[in-house]
Amino acid sequence: MEIHQLVQQIKIKKSFLCVGLDTDTKLLPKYLAGADDPIFEFNKAIIDATHFVTVAYKPNVAFYEAQGEKGWLALRKTVRYIKDNYPEIFTIADAKRGDIGNTADMYARAFFDDLGFDSVTVAPYMGRDSVEPFLAHPNKQTILLALTSNPGAADFQLGTTDQTALFEKVLETSQTYQNAHNLMYVVGATRPEYFQQVRKIVPNSFLLVPGVGAQGGSLAEVCKYGLTDNIGLLVNASRAVIYASSEANFAEKAGEAAFKLQEEMRAILNKAGI
Ligand SMILES: O=C(O)c1cc(=O)[nH]c(=O)n1[C@@H]1O[C@H](COP(=O)(O)O)[C@@H](O)[C@H]1O
């Protein structure tokens, strides 16, 4: 998918919501336990209930890998279901991969060509040759971890050398990579005070912003400096949406939680004249 198609969706839906499909078998409603593929059934119900206010879905691959073959199959069926039924919605494989060039090439093929995702999250630690194999795929986005939402982000990402924080170095250096136009960045909602610095380096790049909801990040704070003329933001919520209820009405409650976030987004976009 091309970025202008994502932007078009955001404008149509008045939403830059990404729903994280972090489907934990321990948290599924009991009545799904007897289903052939409970993970897929859960995802399908969540997708059907939230798609009208959602512009991206982000399955976190760990939740599927933890279930072995069955989990991998549920992941494949989930991305297929989105593509077949809601082809306008952007898909993100949250896999946080990163390895030497020939291995990175295999990861890129696995998520882009085999599973058919539009984008994948990648760790920048191993540098240029570990990222460029992902960037070589046309019309696919590579979402590089810049400043993550977790407390441990302070260990390395905020550390400075020559007055430049590591996350700033990641943003600056990665912009010199071949096909850098296919880059997006992860910047956590829990660190809104850094968005101004991020935007100085990457004024137009799309940012995937996790950390709203269960991690306590504020949508309004993120948008203050994060929002661009082209929107430039995908804000993710996983647990706050998909586990809004653990009862049989879980999908309906997920739809309501997603709608609430979208209303906030609509107001922000309207105020910004977008
Ligand atoms: O790459 C990510 O999506 C990610 C980066 C980050 O800095 N923080 C972060 O929470 N995430 C992911 O975003 C999701 C957040 O989930 P909730 O806290 O339940 O909304 C999880 O899948 C995390 O793995």
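Just so it is clear, the values below take in all heavy atoms, side chains as well, and ignore hydrogens, waters and symmetry mates. Whatever order the structure lists ligands and atoms in, that order sets their numbers, starting from 1.
- At a 3.5 angstrom cut-off on N or O pairs, Thr148 does not count as close to ligand 1.
- Against a heavy-atom cut-off of under 4.0 Å, Asp22 is close to the following atoms of ligand 1: 14 (C), 16 (O), 21 (C), 22 (O).
- Using a cutoff of 4.0 Å between basic side-chain nitrogens and carboxylate oxygens, Arg239 and Asp22 are not scored as salt-bridged.
- In summary, the side chains of Thr228 and Asn230 do not present any donor paired with an acceptor at a separation below 3.5 Å, with no hydrogens or angles considered.
- Under a 3.5 Å cut-off, the side chain of Tyr194 and the backbone N or O of Phe167 do not form any donor-acceptor pair.
- No side-chain donor-acceptor contact under 3.5 Å links Ser205 to the backbone of Met184.
- Here Lys13 does not pair with Glu263 in a salt bridge; the nearest charged N to carboxylate O distance is not below 4.0 Å.
- For ligand 1, the atoms sitting less than 4.0 Å from at least one non-hydrogen atom of Asn236 are 13 (O), 14 (C), 15 (C), numbered in the order shown with element in parentheses.
- Asn60 ND2, 2.9 Å is the protein heavy atom nearest to atom 24 (O) of ligand 1.
- In terms of protein heavy-atom proximity, atom 12 (C) of ligand 1 is closest to Lys58 NZ, 3.5 Å.
- At the shortest separation from atom 15 (C) of ligand 1 among protein heavy atoms lies Gln215 NE2, 3.5 Å.
- Below 3.5 Å of separation, one finds no N or O of Asn150 facing any N or O of ligand 1.
- Taking every non-hydrogen atom of Arg239 and a distance limit under 4.0 Å, the qualifying atoms of ligand 1 come out as 17 (P), 18 (O), 19 (O), 20 (O).
- Inclusion of Ser238 in the set of residues having an N or O under 3.5 Å from an N or O of ligand 1 is warranted.
- Note on ring orientation: taking the six-membered ring where Trp is involved, the planes of Phe40 and Tyr81 are perpendicular (angle over 60°, cut-offs 30° and 60°).
- We find that Asp118 and Lys83 are joined by a salt bridge, their nearest charged nitrogen and carboxylate oxygen being less than 4.0 Å apart.
- Closest to atom 5 (C) of ligand 1 among all protein heavy atoms lies Pro210 CG, 3.4 Å.
- When only modelled atom types and interatomic distance are considered, Glu168 and Gln197 share a side-chain donor-acceptor pair under 3.5 Å.
- Of the protein's non-hydrogen atoms, Ser149 OG, 3.4 Å is the one closest to atom 9 (C) of ligand 1.
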